[in-house]
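Every value quoted in this text rests on a predicted model; they were computed, and no experiment measured them.
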Amino acid sequence: MQIARDVATRATCLRRHVGAVIVRDRRILCTGYNGSPPGQKHCTEVGCLIEEGRCIRTLHSEQNALIQAALHGISTEGATIYTTCRPCHVCARMLVGAGIQRVVFAGPMPEGWALDVLSAAGVKLHPMPEFDEPGTEKLRVQ
């Protein structure tokens, strides 16, 4: 989880920094942070693009991690994703589609459809509230 927090420091959205790390068999497969698609302007350059109170200029960290895996031909089947924020409903669907079996995240449980999608697919959810505040790390996930 600390590596996901370190990856989050690379985020280019001015409103939020989120990081993700996909792991299988104790090996890092890929990482992602919230930022604009390749070749597009970043929030740090032109500001956030806000619709309905959210920045839509950037991809989510989970999406970027999955995209990196796809670009490099890395299967995520059976993997675990560590992310510094619970997945939204779009990311939840992508994680299920990519074969992610476990989601370890900071903060509260996913809500609504995100929780429904992950639960229906049998994805194991591991909230880690001790990672919500910097300086309170106590990694307990096995």
Side-chain angles (χ1 to χ4, degrees), residues 1-45 47-51 53-142:
M1 185 59 94
Q2 183 59 49
I3 295 170
R5 289 180 72 183
D6 291 341
V7 170
T9 65
R10 296 189 43 86
T12 59
C13 183
L14 299 170
R15 295 171 49 100
R16 195 156 197 212
H17 289 192
V18 181
V21 179
I22 299 178
V23 176
R24 187 178 50 237
D25 299 327
R26 299 179 154 241
R27 294 186 185 270
I28 294 173
L29 302 178
C30 53
T31 64
Y33 52 86
N34 56 327
S36 297
Q40 304 297 309
K41 299 279 186 189
H42 290 274
C43 299
T44 53
E45 300 170 290
C48 293
L49 180 58
I50 305 298
E51 281 190 11
R54 296 175 189 234
C55 179
I56 63 165
R57 186 178 305 284
T58 63
L59 293 165
H60 290 185
S61 64
E62 302 97 325
Q63 294 167 343
N64 268 324
L66 292 172
I67 289 166
Q68 286 302 307
L71 279 173
H72 297 288
I74 299 169
S75 172
T76 56
E77 184 74 32
T80 295
I81 189 166
Y82 293 83
T83 180
T84 61
C85 183
R86 67 185 176 187
C88 71
H89 66 90
V90 174
C91 289
R93 290 179 289 164
M94 292 179 74
L95 294 171
V96 167
I100 298 292
Q101 292 295 305
R102 188 168 78 133
V103 180
V104 180
F105 56 95
M109 288 292 282
E111 297 177 324
W113 199 25
L115 181 58
D116 293 346
V117 168
L118 294 165
S119 297
V123 174
K124 295 178 178 129
L125 301 174
H126 297 277
M128 293 188 68
E130 63 268 25
F131 273 88
D132 291 349
E133 296 296 323
T136 61
E137 299 86 9
K138 297 178 207 158
L139 189 57
R140 294 182 298 171
V141 173
Q142 301 281 341

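The two residues Thr84 and Ala106 come nearest to each other via the heavy atoms O-CB, 3.5 Å. For Met109 against Pro127, the heavy-atom pair with the smallest separation is SD-CG, 3.9 Å. Smallest separation of non-hydrogen atoms from Pro87 and Ala114: O-CB, 3.7 Å.
At least one donor-acceptor pair closer than 3.5 Å links the side chain of Gln63 to the backbone N or O of His60. With hydrogens and angles ignored, the 3.5 Å screen pairs a side-chain donor or acceptor of Arg93 with a backbone N or O of His89. Between the side chain of Thr58 and the main chain of Ser36, no donor-acceptor pair closer than 3.5 Å is present. Side-chain atoms of Arg16 never come within 3.5 Å of backbone atoms of Asn34 as a donor-acceptor pair (strictly under, hydrogens ignored). Judged purely by atom type and a 3.5 angstrom limit, Thr83 has no side-chain atom pairing as donor or acceptor with the backbone of Phe105. Under a 3.5 Å cut-off, the side chain of Thr80 and the backbone N or O of Val104 do not form any donor-acceptor pair. Thr9 places a side-chain N or O within donor-acceptor distance of the main-chain N or O of Asp6, the cut-off being under 3.5 Å.
The local environment of CG in Leu49 is crowded, with over 12 non-hydrogen atoms from other residues, nucleotides or ligands closer than 6.0 Å. Within 6.0 Å of CD on Glu45 lie more than 12 heavy atoms contributed by other residues, nucleotides or ligands.
Lys124 has its side chain out of reach of Gln101: every pair of non-hydrogen atoms, C-beta onward, lies at least 4.5 Å apart. Residues Val23 and Leu29 have side chains not in contact (no heavy-atom distance under 4.5 Å, counting atoms from C-beta outward). Counting heavy atoms from C-beta outward, Cys43 and Thr12 have side chains that stay 4.5 Å or more apart. Proximity of Ile67 to Leu59: side-chain heavy atoms (C-beta onward) are separated by under 4.5 Å at one or more points. Taking 4.5 Å as the limit, some side-chain heavy atom of Val96 sits within range of a side-chain heavy atom of Leu118. Side chains of Cys13 and His42 form no contact here, defined as non-hydrogen atoms less than 4.5 Å apart. Ser61 places none of its side-chain heavy atoms less than 4.5 Å from the side chain of Val7. Side-chain contact between Ile81 and Glu62 is present, with at least one heavy-atom pair separated by less than 4.5 Å.
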Next on the checklist: Set out, in order, the CA-CA distance, both residues' side-chain angles and the distance that settles side chain to side chain contact (heavy atoms under 4.5 Å, CB included) for Leu14 and Thr44, then state yes or no.
Outcome noted: CA-CA 6 Å; Leu14 299 170; Thr44 53; 3.9 Å; yes

Next on the checklist: Assess the residue pair Val123 and Arg102 against the criterion (side chain to side chain contact (heavy atoms under 4.5 Å, CB included)); give the C-alpha distance rounded to whole Å, side-chain angles, the decisive distance to 0.1 Å, and a yes or no.
Outcome noted: CA-CA 5 Å; Val123 174; Arg102 188 168 78 133; 5.6 Å; no

Item to check | Test log, rule side chain to side chain contact (heavy atoms under 4.5 Å, CB included), inputs Ile22 and Thr31 | outcome: CA-CA 6 Å; Ile22 299 178; Thr31 64; over 6 Å; no

Item to check | Steps toward salt bridge (charged side-chain N to carboxylate O under 4.0 Å, His left out) verdict (Glu111, Arg86) | outcome: CA-CA 9 Å; Glu111 297 177 324; Arg86 67 185 176 187; 3.4 Å; yes

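Rounding to the nearest 0.5 Å places CD1 of Ile56 at 11.0 Å from SG of Cys48. Within the model, atoms OG1 of Thr76 and CG of Leu95 stand 8.5 Å from one another, a figure rounded to the nearest 0.5 Å.
Side-chain atoms of Tyr82 and Arg5 form no donor-acceptor pair, as typed in the model, at a separation below 3.5 Å. Donor-acceptor pairing under 3.5 Å is lacking for the side chains of Gln68 and Asn64.
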